[in-house]
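Let me begin by presenting the structure, written as structure tokens, before commenting on it.
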2 protein chains.
Amino acid sequence: MIKLYDLAGADENRRFSPYCWRAKMALAHKGLEAVCLPWHFTQKEIISFSGQERVPVLVDGDNTVSDSWEIAKYLEKEYPDTPSLKLEAGEVLFTKYWVETILHPDMLQLLIMDIYNNLVPEDQRYFRESREKLFGKTLEEVAQNREERLPRFQKLLTPLRITLKKQDFVAGETPGFSDYIVFGAFQWARCISAFPLLKTDDSIYAWREKMLALHDGLAQNAVGFPV
Amino acid sequence: MIKLYDLAGADENRRFSPYCWRAKMALAHKGLEAVCLPWHFTQKEIISFSGQERVPVLVDGDNTVSDSWEIAKYLEKEYPDTPSLKLEAGEVLFTKYWVETILHPDMLQLLIMDIYNNLVPEDQRYFRESREKLFGKTLEEVAQNREERLPRFQKLLTPLRITLKKQDFVAGETPGFSDYIVFGAFQWARCISAFPLLKTDDSIYAWREKMLALHDGLAQNAVGFPV
């Protein structure tokens with residue numbers, strides 16, 4: 001059975017990493033079963049066999065693959081008879097970097113205290129130290145007045161919003177890995193925070209509902225906040 | 001011969017519309033010759049046969065197509081034996097809306113006086129009135145201190161910059177319509193303004209050089225400012 005090391009909170013069933021969600025949705029997309037092992041930020045030694053310090057880490061027989069993009073490519077190559085993740089188009093990479101350099105940083109600032117509050121104590125120490133160094137201020141200062149920053153966040157979603165008015169999924173008529181990349185961000189929020197990021201009349205909200213329902217409600221059924 | 005109505009400046013050979021550049025590059029991509037007829041913003045009646053008021057308008061025999069995206073789809077369908085523009089992936093649409101809702105508005109604010117200064121007098125009146133209404137301030141106020149806004153513009157390009165570090169073109173190993181969509185914006189700037197938007201060590205600059213050279217230097221040879 002495929003194993004996936006999956007970031008967990010103080011509640012071991014709270015699995016909130018956006019990158020791990022990409023991998024879990026990709027596995028489900030291909031109909032591949034996997035055991036998702038809970039892992040904490042500070043358990044670097046547990047995944048040291050992968051040659052790096054971050055999850056997701058996928059172990060499939062003798063093969064170990066880290067990095068969600070590499071995992072998607074691995075699954076495409078290793079399981080060619082399963083539904084495609086549609087990685088070929090160059091624009092998938094553009095979508096990925098938009099999520100990672102535009103969407104994630106803004107979202108992190110909105111969710112940062114919720115993330116902190118849901119970690120085990122040793123991860124809390126690690127998270128506070130590393131993120132406060134990153135931002136040059138305290139977590140509490142980063143999180144301040146997040147309601148006021150919501151309009152800016154909403155505006156930043158404009159290209160995604162219009163795309164999802166025109167077509168059902170980011171990847172077109174059916175979901176692809178680009179959908180899982182974007183969805184990972186929203187599922188990160190949903191698993192860790194009760195702060196509503198989307199209005200119910202938003203095309204992104206409607207798309208997220210479809211994503212939550214995919215693969216027998218895999219994401220819908222995850223421990224989180226149904227907002 | 002295919003005809004394309006193409007936005008022109010006071011110098012009739014200055015053809016600066018980003019949307020027209022998409023169409024011209026798409027035609028060249030497919031090896032299709034076209035006559036590009038100069039057109040001014042205020043010559044609405046000349047293209048009224050197309051049922052709308054904007055360029056590009058393509059006339060191919062009995063067929064009239066407006067909107068650069070519709071033109072690309074038309075060329076794909078009508079000329080199936082020519083090189084593909086790679087429109088199928090849903091992420092192409094996301095890239096298009098990123099360009100139109102994020103890149104273009106910021107770029108317009110940097111270029112607005114250069115555009116104004118290069119128009120025929122009747123277009124200047126139209127452009128000033130419509131754009132001042134849009135921004136709620138004078139063109140001169142919009143253009144103010146553009147050097148100071150350049151770092152913000154540079155930052156906004158981050159997902160594009162990283163993508164073009166990882167692969168040769170937005171569409172992957174070979175150019176597609178998504179490249180022409182993004183390039184249209186930079187060619188708009190190059191045709192109308194001597195204000196340098198890109199540093200020479202930027203991966204976007206290197207990609208733009210490749211785009212300028214495509215199709216026998218079609219874009220390179222256009223009237224503009226080689227910055």
Side-chain angles (χ1 to χ4, degrees), chain A residues 22 67 69-70 72-73 76 84-107 152-183 185 202-204 207 210-211, chain B residues 22 67 69-70 72-73 76 84-107 152-183 185 202-204 207 210-211:
Chain A
R22 297 179 188 181
D67 183 287
W69 181 252
E70 294 303 319
K73 287 199 293 184
E76 281 293 271
S84 171
L85 291 165
K86 302 198 275 184
L87 298 177
E88 302 77 23
E91 298 86 357
V92 177
L93 212 61
F94 175 74
T95 309
K96 168 176 150 69
Y97 290 119
W98 178 78
V99 168
E100 294 174 8
T101 67
I102 305 291
L103 187 56
H104 278 184
D106 239 62
M107 217 182 242
R152 183 196 128 101
F153 177 73
Q154 292 292 339
K155 188 157 183 283
L156 170 156
L157 296 172
T158 305
L160 180 64
R161 181 171 297 120
I162 304 180
T163 302
L164 292 171
K165 274 184 196 166
K166 301 279 182 180
Q167 61 192 22
D168 280 352
F169 295 98
V170 179
E173 289 176 22
T174 60
F177 196 63
S178 63
D179 287 276
Y180 301 137
I181 290 172
V182 182
F183 178 71
D202 193 326
S203 61
I204 304 170
W207 162 84
K210 284 182 283 188
M211 298 300 293
Chain B
R22 297 179 187 180
D67 184 287
W69 181 253
E70 294 303 319
K73 288 200 290 182
E76 282 294 270
S84 171
L85 291 165
K86 302 198 274 182
L87 299 177
E88 301 77 21
E91 297 86 356
V92 177
L93 212 60
F94 175 74
T95 310
K96 168 176 149 71
Y97 290 119
W98 178 78
V99 168
E100 294 175 8
T101 68
I102 306 291
L103 188 55
H104 278 184
D106 239 62
M107 217 182 242
R152 182 197 129 101
F153 176 74
Q154 292 291 339
K155 189 158 182 283
L156 170 156
L157 296 173
T158 306
L160 180 64
R161 181 172 297 119
I162 304 179
T163 302
L164 293 171
K165 275 183 194 164
K166 301 280 180 178
Q167 59 192 22
D168 280 352
F169 296 97
V170 179
E173 289 176 22
T174 60
F177 196 62
S178 62
D179 288 275
Y180 301 137
I181 291 172
V182 182
F183 178 71
D202 192 327
S203 61
I204 304 171
W207 162 83
K210 283 183 283 187
M211 297 300 292

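Throughout, protein chains are lettered first and strands after them, A, B, ... in sequence-line order, and every chain is numbered starting at 1.
Most heavy-atom pairs under 4.5 Å with chain B, from the set A:T163, A:I102, A:T158, A:T95: that is A:T163. Most heavy-atom pairs under 4.5 Å with chain A, from the set B:L156, B:I162, B:D168, B:V92: that is B:I162.
Both the backbone and the side chain of B:L160 come within contact range of chain A, with heavy atoms under 4.5 Å apart. Contacts of B:T101 with chain A are made by side-chain atoms alone, with heavy-atom separations under 4.5 Å and no backbone atom involved.
B:D67 meets the salt bridge (charged side-chain N to carboxylate O under 4.0 Å, His left out) test with no other residue; sequence neighbours excluded. Applying the ring pair (Phe, Tyr, Trp, His ring centres under 6.0 Å) criterion to A:F183, with sequence neighbours excluded, gives no partner residue.
Using a 4.5 Å heavy-atom threshold, the side chains of B:R161 and A:Y97 count as separate.
Among pairs with a residue in residues 84-94 of chain A, none fulfils salt bridge (Lys or Arg N to Asp or Glu O under 4.0 Å), at least two apart in sequence or across chains.
Contacts with chain B (heavy atom to heavy atom, under 4.5 Å) involve these residues of residues 171-182 of chain A, listed by number: A:A171, A:G172, A:S178.
Around NZ of B:K210, the count of heavy atoms belonging to other residues, nucleotides or ligands within 6.0 Å exceeds 12.
Rounding to the nearest 0.5 Å gives a distance of 11.0 Å between CD of A:Q167 and CZ of B:F94.
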